[in-house]
Q: 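Starting off with a structure, shown below.
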Amino acid sequence: MRNHRFLFLFSLAFLLVLSACGGSSSESTEASNEEKSEEQNKETKQTNWEKVQEQGEIVVGTSGTLYATSFHPEDSDQLSGYDVEVMREVAKKLGVEVKFQEIGIDGLFSAVKSGRIDAAINDIEITEKRKDTYSFSEPYKYSYTTMIVREEDLSGIETLEDLEGKKAGGGATTVFSDIARHFGAEVVTYGNATNDVYLRDVDNGRTDAVINDYYLQSIALKAMPQFDLVLHPDIRFHPTEQGILLGKEDQTLQKKINEALVELREDGTLTKISKEFFVGKDASKKPDKEIREIEGVDF
């Protein structure tokens with residue numbers, strides 16, 4: 001069964017979950033080429049949905065490095081993951097093929113904005129700040145933020161306020177690091193590190209916590225049981241919604257994708273895919289736990 005094949009992958013360290021697009025919307029890289037492409041798109045009256053229909057395919061950007069949402073299973077060049085399989089099902093509902101382009105996290109936003117791709121899906125958090133520049137589908141994933149800490153003493157953290165003076169491993173520009181800084185933590189940043197690097201540093205005391213998405217952190221811990229680490233049992237905060245990223249003017253394509261997602265939710269497809277990739281958990285439904293909102297952070 002496919003479930004068994006993916007559970008086998010828990011023994012592997014995939015690229016860092018902290019590259020998830022829960023981060024701030026960095027849109028640097030390839031600027032000049034993207035701007036030219038954007039100007040070319042403005043000159044045509046054809047909407048994105050009309051272009052997708054005409055070409056018979058929707059071009060979707062994704063990183064291909066984010067387990068378990070967008071990644072390459074072992075010994076395969078075929079993309080898979082929760083986000084990837086959701087997008088494949090959406091394309092079927094739209095009656096078109098889906099063509100994935102693997103693009104680094106930072107490049108996804110500019111690629112959508114310029115029209116180089118039709119959409120992007122990569123655990124991208126819907127935020128009010130991002131909606132000033134982009135459109136989003138309705139959420140296909142609901143989650144919240146947690147932190148990985150040392151099992152023996154929870155890294156001395158009982159509440160978010162206890163982050164003051166602590167060290168949190170994370171990406172420089174992510175929402176998760178913004179939260180850590182907001183509560184007075186020092187953010188220790190890395191290059192394109194893998195899960196084991198971040199977790200080892202918490203385990204050996206170089207850092208005190210890793211703040212990130214609940215589902216992705218749960219899987220990271222299962223993949224690397226050699227570390228004496230746990231998800232903090234009492235701290236749940238910053239509820240999140242993930243959607244498919246679209247251009248600001250893509251209302252028709254947005255409407256079609258939303259209709260497809262409604263059908264996939266109602267027929268149980270989203271639940272089925274989620275349980276396959278998230279160890280039996282249904283990320284397509286809102287959590288039924290009490291989750292603390294974070295005030296004073298500009299997302």
Q: Just do the side-chain contact (heavy atoms from CB on, under 4.5 Å) check on Gln242 and Ser143 with the steps written out, would you?
A: CA-CA 8 Å; Gln242 283 72 29; Ser143 189; 4.3 Å; yes
Q: Find out whether Tyr67 and Ile219 are in side-chain contact, i.e. whether some heavy atom of one side chain is under 4.5 Å from a heavy atom of the other.
A: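 Sidechains of Ile219 and Tyr67: in contact.
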Q: A side-chain contact here means heavy atoms from C-beta on lying under 4.5 Å apart; do Tyr214 and Thr145 qualify?
A: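 A side-chain contact is absent here, since even the closest heavy-atom pair is not under 4.5 Å.
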Q: Sequence neighbours excluded, which residues qualify as side chain to side chain donor-acceptor pair (under 3.5 Å) partners of Gln53?
A: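 Gln53 satisfies side chain to side chain donor-acceptor pair (under 3.5 Å) with Trp49 once adjacent residues are dropped.
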Q: Is atom CD of Glu158 surrounded by more than 12 heavy atoms (other residues, nucleotides or ligands) closer than 6.0 Å?
A: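 It does not: Glu158 CD has 12 such atoms or fewer within range.
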Q: What I want to find out is whether Lys256 reaches Glu263 closely enough, with some N-O distance under 4.0 Å, to be called a salt bridge.
A: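 Not counted as a salt bridge, because no side-chain N and carboxylate O are separated by less than 4.0 Å.
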Q: Can you name the nearest heavy-atom pair linking Pro233 to Leu154, along with the distance?
A: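 For Pro233 versus Leu154, the nearest heavy atoms are CD-CD2, 3.9 Å.
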Q: Mind listing the closest non-hydrogen atom pair of Ile124 and Tyr140 along with its distance?
A: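 Scanning both residues, the minimum pair turns out to be N-OH, 4.4 Å.
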Q: Does the side-chain contact (heavy atoms from CB on, under 4.5 Å) test come out yes or no for Leu221 and Phe227, once each step is laid out?
A: CA-CA 8 Å; Leu221 287 181; Phe227 302 118; over 6 Å; no
Q: Quick check on Gln251: does its CD atom have over 12 non-hydrogen neighbours (other residues, nucleotides or ligands) under 6.0 Å away?
A: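 Yes, because the 6.0 Å sphere around CD of Gln251 holds more than 12 heavy atoms from other groups.
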Q: Tell me whether Tyr142 is reachable from Ile273 by hopping between hydrophobic residues (I, L, V, M, F, W, Y) whose side-chain heavy atoms are closer than 4.5 Å.
A: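 Different clusters.
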Q: For the side chain of Ser274 and the backbone of Lys281, is there at least one donor-acceptor N/O pair under 3.5 Å apart?
A: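 Checking the backbone N and O of Lys281 against the side chain of Ser274, a donor-acceptor pair under 3.5 Å is found.
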Q: To the closest 0.5 Å, what do you measure between NZ (Lys92) and CE (Met87)?
A: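 Rounded to the nearest 0.5 Å, the NZ-CE separation comes to 12.5 Å.
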Q: Examine distances only and state if a side-chain atom of Asp250 and a backbone atom of Leu253 form a donor-acceptor pair shorter than 3.5 Å.
A: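 Pair absent, no side-chain N/O of Asp250 close to backbone of Leu253.
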Q: Hey, is Glu89 close enough to Lys93 for a salt bridge, meaning N to O under 4.0 Å?
A: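 Here Glu89 does not pair with Lys93 in a salt bridge, since their nearest N and O are not under 4.0 Å apart.
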Q: To the nearest 0.5 angstrom, please state how far the OG1 atom of Thr159 sits from the CG atom of Asp234.
A: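 Separation between the atoms: 10.5 Å.
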Q: Can you check whether Thr62's main-chain N or O pairs, donor with acceptor, with Ser70's side chain at less than 3.5 Å?
A: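 Judged by distance alone, no pair lies under 3.5 Å.
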Q: Looking at Phe136, is its backbone amide N or carbonyl O close enough to the side chain of Gln254 to form a donor-acceptor pair, meaning the two atoms are under 3.5 Å apart?
A: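 Yes; at least one donor-acceptor contact below 3.5 Å.
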Q: Given Asp118, which partner from the list Lys51, Lys99, Gln55 fulfils the side chain to side chain donor-acceptor pair (under 3.5 Å) test?
A: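 Output: one option passes, namely Lys51.
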Q: Does any non-hydrogen side-chain atom of Ile148 lie less than 4.5 Å from one of Val230?
A: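 Side-chain contact under 4.5 Å: no.
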Q: Distance from Thr240 atom OG1 to His238 atom NE2, nearest 0.5 Å?
A: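 Going from the OG1 atom of Thr240 to the NE2 atom of His238 covers 6.0 Å.
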Q: Under 4.5 Å between any side-chain heavy atoms of Phe277 and Thr69, yes or no?
A: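 They are not in side-chain contact.
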Q: Show the nearest heavy-atom pair for residues Glu241 and Pro139, with the distance to one decimal.
A: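 Minimum heavy-atom contact is OE1-CG, 3.4 Å.
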Q: Would you say the ring centroid of Tyr144 lies under 6.0 angstrom from that of Phe237?
A: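 Distance test on ring centres: not under 6.0 Å, no.
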Q: Starting from Phe183, can I reach Val187 by hopping between I/L/V/M/F/W/Y residues whose side chains sit under 4.5 Å apart?
A: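 No, it is not one cluster - the side chains of Val187 and Phe183 are not joined through contacts under 4.5 Å.
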Q: So, for Ile211 and Phe176, which heavy atoms are closest and what is the spacing to 0.1 Å?
A: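 For Ile211 versus Phe176, the nearest heavy atoms are O-CB, 3.3 Å.
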Q: Closer than 4.0 angstrom, basic N to acidic O: yes or no for Asp123 and Lys141?
A: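 Salt bridge present between Asp123 and Lys141.
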Q: How close do Ser284 and Thr271 get, heavy atom to heavy atom, and via which atoms?
A: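 Residues Ser284 and Thr271, closest heavy atoms: OG-OG1, 3.5 Å.
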Q: How about Lys248 and Thr133: do any of their side-chain heavy atoms sit closer than 4.5 Å?
A: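 In short, these two side chains do not touch, never coming nearer than 4.5 Å.
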Q: If I take atom NZ from residue Lys131 and atom CD1 from residue Ile126, how far apart are they, to the nearest 0.5 angstrom?
A: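 Answer rounded to 0.5 Å: 7.0 Å.
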Q: Nearest 0.5 angstrom please: Lys275 NZ to Leu270 CG, how far?
A: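 It comes to 12.5 Å.
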Q: Does a side-chain heavy-atom distance below 4.5 Å link Val98 with Glu57?
A: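 When only atoms from C-beta onward are counted, Glu57 and Val98 do not touch, as no gap falls below 4.5 Å.
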Q: Could you check whether atom NZ of Lys285 has more than 12 heavy atoms from other residues, nucleotides or ligands sitting under 6.0 Å from it?
A: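 Not more than 12 within 6.0 Å, no.
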Q: Report the C-alpha distance between Ser63 and Ile103 in whole Å, list the side-chain angles of each, state the deciding distance to 0.1 Å, and finish with yes or no for side-chain contact (heavy atoms from CB on, under 4.5 Å).
A: CA-CA 5 Å; Ser63 71; Ile103 300 172; over 6 Å; no
Q: Which pair of non-hydrogen atoms, one from Leu246 and one from Ala119, has the smallest distance, and what is that distance?
A: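 Reported closest heavy-atom pair: CD2-CB, 3.6 Å.
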Q: Backbone N or O of Pro73 within a donor-acceptor pair of the Ser76 side chain at under 3.5 Å?
A: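 Not a single qualifying donor-acceptor pair exists.
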Q: Check whether Val262 and Ile257 end up in the same hydrophobic cluster, where Ile, Leu, Val, Met, Phe, Trp and Tyr are linked by side-chain heavy atoms less than 4.5 Å apart.
A: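 No, because Val262 and Ile257 fall into different hydrophobic clusters, even though each may have its own neighbours under 4.5 Å.
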Q: If you apply the rule side chain to side chain donor-acceptor pair (under 3.5 Å), what do you find for His72 with Glu102, and how did you get there?
A: CA-CA 11 Å; His72 292 274; Glu102 293 183 48; 2.8 Å; yes
Q: Give the C-alpha distance, both sets of side-chain angles, the deciding distance and a yes or no for salt bridge (Lys or Arg N to Asp or Glu O under 4.0 Å) between Glu259 and Lys255.
A: CA-CA 6 Å; Glu259 291 171 351; Lys255 179 175 180 291; 2.7 Å; yes
Q: For Glu290, look at atom CD and say whether over 12 heavy atoms of other residues, nucleotides or ligands are found less than 6.0 Å away.
A: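 Atom CD in Glu290 is not crowded, with 12 or fewer foreign heavy atoms closer than 6.0 Å.
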Q: Using modelled atom types only, decide if a donor and an acceptor are shared between the side chain of Glu85 and the backbone of Tyr82 within a distance under 3.5 Å.
A: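 No; judged by distance alone, with no hydrogens or angles, the pair does not exist.
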Q: Show, in sequence, the C-alpha distance, side-chain angles and deciding distance for Leu108 and Asn122, and conclude whether the side-chain contact (heavy atoms from CB on, under 4.5 Å) test is met.
A: CA-CA 9 Å; Leu108 287 174; Asn122 202 75; 3.8 Å; yes
Q: Flag the pair Leu160 / Leu163 as yes when at least one side-chain heavy-atom distance between them is below 4.5 Å, and no otherwise.
A: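 Yes. Closest side-chain heavy atoms under 4.5 Å.
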Q: What verdict does the salt bridge (Lys or Arg N to Asp or Glu O under 4.0 Å) test give for Arg150 and Asp208, after you've listed the backbone C-alpha separation in whole Å, the side-chain angles of each residue and the deciding distance to 0.1 Å?
A: CA-CA 7 Å; Arg150 289 183 288 277; Asp208 300 298; 3.0 Å; yes
Q: Could you check whether the rings of Phe278 and Tyr215 sit parallel, tilted or perpendicular, using 30° and 60° as the cut-offs?
A: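 Aromatic pair Phe278/Tyr215 classed tilted.
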Q: Would you check if Gln217 and Val210 make a side-chain contact, meaning some heavy-atom pair closer than 4.5 Å?
A: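 Gln217 vs Val210: side chains touch.
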Q: In Å, rounded to the nearest 0.5 Å, how long is the span from CG of Leu216 to OG1 of Thr146?
A: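 Leu216 CG to Thr146 OG1: 9.0 Å, rounded to 0.5 Å.
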Q: Looking at Asp201 and Lys167, does any basic side-chain N land under 4.0 Å from a carboxylate oxygen?
A: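 So Asp201 does not pair with Lys167 through a salt bridge.
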Q: Charged N to carboxylate O below 4.0 Å: is that the case for Arg200 and Asp203?
A: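 No, this pair does not count.
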Q: For Ile157, is there any backbone N or O sitting under 3.5 Å from a side-chain donor or acceptor partner on His232?
A: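 It does hold such a pair.
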Q: Can any side-chain N or O of Glu152 pair as donor or acceptor with the backbone N or O of Leu229 at less than 3.5 Å?
A: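 No, Glu152 side chain to Leu229 backbone: no donor-acceptor pair under 3.5 Å.
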Q: Please answer whether the main-chain N or O of Glu138 pairs with a side-chain N or O of Asn258 as donor and acceptor at a distance below 3.5 Å.
A: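 Looks like yes, one N/O pair under 3.5 Å.
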